[in-house]
Chemist: 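My questions will all concern the structure given below.
None of the values given here were measured: they were computed from a predicted structure. Order of the sequence lines fixes the chain letters, A, B, ..., with proteins taken first and strands second; residue numbering starts at 1 for each chain.
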Amino acid sequence: MALSAQQIPRWFSSIKLRSFINAAQLTKRFPRPGKTLLKGFSAWPQLSSDNYFPQCGYKTYRTSSLWTSSQPTNSSRQEGNFAQSTLLPSGNEQSEKMQKIPSFDAELSLEELDDLPPLSPLQPISEEEAIQIIADPPLPPASFTLRDYVDHSETLQKLVLLGVDLSKIEKHPDAANLLLRLDFEKDIKQILLFLKDLGLEDNQLGPFLTKNYAIFSEDLENLKIRVAYLQSKNFSKADIAQMVRNAPFLLSFSVERLDNRLGFFQKELELSVKKTRDLVVRLPRLLTGSLEPVKENMKVYRLELGFKRNEIQHMITRIPKMLTANRRKLTETFDYVHNVMSIPHHIIVKFPQIFNTKLLKVKERHLFLVYLGRAQYDPAKPNYISLDKLVSIPDAIFCKEIANASLQDFEKFLKTL
Amino acid sequence: MGSPGLARLHGLFAVYKPPGLKWLHLRDTIEMQLLKGLNACKPPTPKQRVRFLLGPMEGSEEKELTLTATSVPTLTNHPLVRGPAFTSLKIGVGHRLDVQASGVLVLAVGHGCRLLTDLYDTHLTKAYTVRGLLGKATDNFQEDGRLVEKTTYDHVTREKLERILSVIQGSHQKALVMYSNLDLQSQEAYEMAVRGLIRPMSKSPMLISGVRCLRFEPPEFLLEVQCVHETQQQLRKLVHEIGLELKTTAVCSRVRRTRDGLFTLDDALLRTQWDLQNIQEAIQAAAPRVVAELEKNLRPHSGTQQLPGPAGPQGSGHPDSALGLGCWRAGRAAGGAVGGLR
């Protein structure tokens, strides 16, 4: 197997491809002790303290030693020969390796590798040495998926057991590189404990981390400051937990930014402090999302649809999602409800859920009621049908109670539309 | 449910497209629903991989090492690492419907996509209910277009309308014969014509094999049209032209497809039924009929002379009188059953 000449340039060129989980960054932590190594080993991520792990590492070194001139492995370098067979798996081996790696770089050079005599593959070796050769396929130095590394990385395994969706994270190559480099004990555990203190349950940690994997690169002190800020604004602990759960990026915002956003909502909506707080707790993604759609929607409600300020405030406190709704859908729904169904503003204000439903559903049900002659939306007259009953109940109950018809009739009617 | 579910997901089925929905969005919605159903199967059992680990041999006094095969759990195939099992499906659409039109739309999944071309080659007719409104003319022949003209329509009676419709049907009948490239001098061709089985088996402009008036309540009138090689805009133009023939104007307020080949309104699935289970059942139900129809079409033509017509020489065999019996005749004669509520 021809080494080095072709493999080194290939390995180096894989560094340039940013879209791959880049082993070059890994080697800063686990630098290759020698350029003539199999490229597979260079990609070794953080070693776990499992039994077989360091042995694999050693053994790959040994196999490559069979055809390179010299093979510095960690302790074999100390002992100066290949015949070492004491492979006591333990944690101190790992720490040994960790300590030795920086020194390797300094000591190693190509000349020293040439000093040791080359071993021929046909040279007979003893039985113990034979069974100690492990020819596992080496880890790929660059990959587009975390599947290749998950079995060899304790961090990734623990994250999967927590419920983090690695298939989504691997779509962001920076995130995947970050996770591979992190150490569970040192970095991740602290942040997880912090999140648990905040009030997140165990089964909620997975989805949270899938969305906001960048929280691992945040400083714990900053996170604590932000939580303290929220508490100073009279958000209760349960409120903060709920907000963080529904908007995972909340804690990645600086205090200044959070302050600006809270101030914006208070000024724009002109609600009392308590109501703004409730609004933000119900829909925390108002704080993390863009503010432009909110400004636009406020203008749409006021100018285009013609609602008064207090009406808008009432609707928003009932259905906060209206602030971030799609403008085109809003206008289409309002156009149908106001002009075709002839429902005046003051009744629409009482039932803002109508802006939260699909227009097709409203149309179908309205046309069915018109066909049956039961489309009566004026509260003053008898047989009044309120808008929330029109949209918020499932089909079967709607047919039975509101329309006094069977579900089959409704389906037959739908096929005539 | 994953793999067995996918195994039953090959074939043709029909959905009811509501007005106001683009056919492409409909196809994407169905793909999403099917993927959701397929990915919702129970999580696989955790896999293990075999590793040969070094460990001390039992029963030896020294520290002799030996390789033992052990199964260790592996997370490579865990759903959270691998992602969803199914990420895309091949779904094809048959004869398309534009945004304002509604009605039966044939879709194909998986291997059924092959059958779509074959089904197109059978050149079966489609049945539409077209609603027209007298008194207006717009630029796009629909109600919401820019108004071009307004006219009176008091002089229009049902009789006049039906006379115009029969004129239209007659002229299209001539075109049908011409585009079917049959030599009418032969006996078989004459018999086919008598039974009403002549139809074009290659590219042709829109041809109407039957049209009649279902309802006439001025200004509204309802037509049933059986046609082939049409687009919905051409049907709207037809309504406009009928208005012009009646010395007034008309716009089309609704185009609804009630039958597409052998798929009728009864086979069409409503929006609430667009999930894996219902679609699989619909495919199973439609499969035998589709197979029968396609077989009829593939049977080679027996002996009728053909003329190279305006559409060019025929490709492979002109289908026979035995072909397309079901839908073609049903289309022309059984309009009564297919009328629905409107």
Side-chain angles (χ1 to χ4, degrees), chain A residues 50-52 55-56 58-59 85-89 127-136 145-153 156-171 206 210 332 358-361 363-364 371 394-396 407 409-417, chain B residues 14-21 25-26 29 46-49 51-57 62-68 70 72-85 87 101-104 129 131 222 254 256-258 264-273 339-342:
Chain A
D50 289 355
N51 267 352
Y52 50 90
Q55 296 174 11
C56 299
Y58 284 112
K59 287 314 112 198
S85 55
T86 53
L87 301 154
L88 301 166
E127 199 55 39
E128 292 93 28
E129 285 179 24
I131 58 174
Q132 280 159 14
I133 298 174
I134 296 184
D136 275 340
T145 171
L146 283 173
R147 279 178 82 181
D148 300 325
Y149 303 117
V150 74
D151 279 328
H152 304 283
S153 164
L156 290 179
Q157 283 168 359
K158 292 215 172 129
L159 286 175
V160 171
L161 294 173
L162 267 180
V164 177
D165 195 342
L166 291 184
S167 63
K168 291 198 178 122
I169 292 187
E170 70 192 13
K171 293 185 178 138
T210 311
E332 278 174 3
K358 283 204 180 306
L359 180 59
L360 203 54
K361 189 171 172 184
K363 271 190 194 164
E364 286 171 355
Y371 178 71
D395 274 344
L407 197 56
D409 291 340
F410 187 44
E411 286 176 3
K412 272 199 218 146
F413 173 78
L414 285 182
K415 287 195 180 172
T416 67
L417 275 185
Chain B
V15 296
Y16 190 88
K17 179 182 109 58
L21 185 62
H25 292 170
L26 189 152
T29 310
K47 293 241 172 81
Q48 308 218 314
R49 58 186 176 138
R51 292 196 54 96
F52 292 93
L53 304 178
L54 272 181
M57 199 151 61
E62 301 178 351
K63 263 212 217 116
E64 249 182 60
L65 295 163
T66 183
L67 288 174
T68 36
T70 29
V72 296
T74 175
L75 284 176
T76 331
N77 284 323
H78 196 274
L80 285 178
V81 179
R82 191 193 51 186
T87 42
S102 60
V104 177
T129 18
R131 194 150 72 145
L222 197 65
R254 176 185 301 172
R256 179 172 142 251
R257 189 192 277 164
T258 47
T264 59
L265 278 179
D266 300 326
D267 310 319
L269 295 174
L270 282 173
R271 214 158 45 99
T272 44
Q273 297 164 327
L341 292 172
R342 293 278 173 91

Chemist: Among all residues two or more places apart in sequence or in another chain, which pass the salt bridge (charged side-chain N to carboxylate O under 4.0 Å, His left out) test with A/Glu411?
Modeler: none
Chemist: Using a 4.5 Å cut-off on heavy atoms from C-beta on, say whether the side chain of B/His78 contacts that of A/Val150.
Modeler: no
Chemist: Using the test salt bridge (charged side-chain N to carboxylate O under 4.0 Å, His left out), find all partners of A/Asp148 that sit at least two apart in sequence or belong to another chain.
Modeler: none
Chemist: Considering all heavy atoms of both residues, which atom of B/Pro19 and which atom of A/Leu417 are nearest to each other, and what is their separation?
Modeler: CD-O, 4.2 Å
Chemist: Please state whether the side chain, the backbone, both or neither of A/Glu364 comes within less than 4.5 Å of a heavy atom of chain B.
Modeler: side chain
Chemist: Can you tell me which of A/Thr210, A/Val164, A/Leu156 forms the most heavy-atom pairs within a distance under 4.5 Å of chain B?
Modeler: A/Val164
Chemist: Which residue in the set B/Val72, B/Val81, B/Leu75 passes side chain to side chain contact (heavy atoms under 4.5 Å, CB included) when paired with A/Asp151?
Modeler: B/Leu75
Chemist: Minimum heavy-atom separation for B/Ala268 and A/Lys415, please, with both atom names.
Modeler: O-NZ, 2.9 Å
Chemist: I'd like to know if the side chain of A/Arg147 and the backbone of B/Thr76 have a donor-acceptor N/O pair within less than 3.5 Å.
Modeler: yes
Chemist: Which atoms of B/Pro18 come close to chain A, meaning under 4.5 Å heavy atom to heavy atom: side chain ones, backbone ones, both, or neither?
Modeler: side chain
Chemist: Once rounded to the nearest 0.5 Å, what's the spacing between atom CG of B/Leu270 and atom CG of A/Asp395?
Modeler: 10.0 Å
Chemist: Quick one: are B/Leu80 and A/Lys168 in side-chain contact, heavy atoms under 4.5 Å?
Modeler: no
